[in-house]
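Structure, as structure tokens:
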Amino acid sequence: MLLRIVLAFISFYILTISSGCKAFKSNQSNSLSSIDKNLSDNQNYQVKLIDSPTTGSSRAPEFLDLDGDGAPDAIDINGWMAQVVVKLSQSKNFAVNFGADVFTHSISTRYVKFGNDRYSSILIAVSRRTENGSVHNIRDPNLLLNQILLRNDQKGLLTQVNLNIRMHGRDVDCRDTRDSKLVCFFAGYHGQSALYEVGSEGRVNNITSQSGLPFPTAEGPFGTNGRHMMSGRWIDLDQDGDWDLVSVGQHSDILFAKNSSNSYQDFKFTTEYVDPVNDYTT
């Protein structure tokens with residue numbers, strides 16, 4: 001009798017999962033058809049990733065060689081405790097300084113290389129919270145945090161550069177421009193997302209408006225598109241060799257930004273928002 005009950009439960013579970021998968025595939029197909037119709041003439045729509053670099057996570061350390069000794073180094077992140085520690089294999093640690101009495105809500109890292117760099121530097125997107133944990137009412141410009149570059153001198157010596165980019169940064173993704181600069185999309189809360197050129201010495205240039213991206217987003221009612229962006233990634237949406245951008249957020253539609261520029265270093269985006277599967281799409 002017990003065996004029959006167990007078998008019946010397993011059968012019901014498999015049927016439930018199968019139905020869910022079919023529903024997901026159906027929704028996914030409809031979404032892709034809409035994207036294909038609006039952004040590309042290619043009827044066999046595909047998304048192609050271009051040189052997606054490694055991203056650090058607050059859930060587990062990421063390992064890489066920063067000092068060229070062939071041994072793995074690590075970056076250990078605790079976003080809630082405002083801690084980022086780079087642990088080099090030669091028993092050297094480098095701790096990021098976010099400032100006195102700073103409480104962080106999230107920390108995201110991106111390993112980047114400038115020009116002919118052999119070893120990675122590290123970009124850090126960081127957002128602030130109040131001591132009691134709130135992030136929704138922090139609109140005072142004095143409470144914004146500088147986003148950070150840990151510049152690697154290619155010998156394992158890291159220098160912290162506080163970039164002239166102040167926001168509630170949730171994530172960052174970059175691509176190179178072949179002239180020792182990076183173009184980085186910083187996804188930010190409260191409509192502060194932006195596109196920056198970042199030089200190896202830490203100089204930045206805001207190119208958001210000239211690129212056609214719809215940021216900064218003015219404060220609007222709860223659920224305003226672009227207000228709570230969480231992440232963005234460079235991909236080739238239509239496989240034409242240009243760098244397009246997809247950004248997702250909380251309480252927001254998904255932003256698709258198609259690049260129509262033929263230049264490797266310039267951007268001319270046409271954008272649209274597409275409904276996500278649910279409210280928390282990251």
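In this model, no donor atom of one side chain and acceptor atom of the other lie less than 3.5 Å apart for Arg151 and Thr159. When only modelled atom types and interatomic distance are considered, Ser127 and Ser106 share a side-chain donor-acceptor pair under 3.5 Å. Gln83 and Asn78 form no side-chain donor-acceptor contact under 3.5 Å, judged by distance and modelled atom types alone. Between the side chains of Asn162 and Gln160, a donor-acceptor pair is found at a separation under 3.5 Å. Under the 3.5 Å distance criterion, with hydrogens and angles disregarded, no donor-acceptor pair is assigned to the side chains of Arg227 and Thr217. A donor-acceptor pair shorter than 3.5 Å cannot be found between the side chains of Ser121 and Asn152.
Screening His228, His190, His105 against His168 for a ring pair (Phe, Tyr, Trp, His ring centres under 6.0 Å) leaves a single residue, His190. Among the candidates Asp244, Asp242, Asp238, the single residue satisfying the salt bridge (Lys or Arg N to Asp or Glu O under 4.0 Å) test with Lys258 is Asp238.
For the pair Lys113 and Asp176, the salt-bridge criterion is not met [side-chain N within less than 4.0 Å of a carboxylate O]. Residues Asp69 and Lys155 are not paired through a salt bridge, judged by the lack of any N-O separation under 4.0 Å between the basic side chain and the carboxylate. Between Asp171 and Arg233 a salt bridge is recorded (basic side-chain N to carboxylate O distance below 4.0 Å).
Taking the six-membered ring where the residue is Trp, Phe186 and Tyr196 present perpendicular rings, their angle passing 60° and hence far from 30°. The aromatic rings of Phe267 and Trp234 sit tilted, their planes meeting at an angle between 30° and 60°.
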- request: Evaluate salt bridge (charged side-chain N to carboxylate O under 4.0 Å, His left out) for Arg110 paired with Asp173, printing each intermediate quantity in order.
  value: CA-CA 7 Å; Arg110 178 70 46 176; Asp173 195 29; 3.3 Å; yes

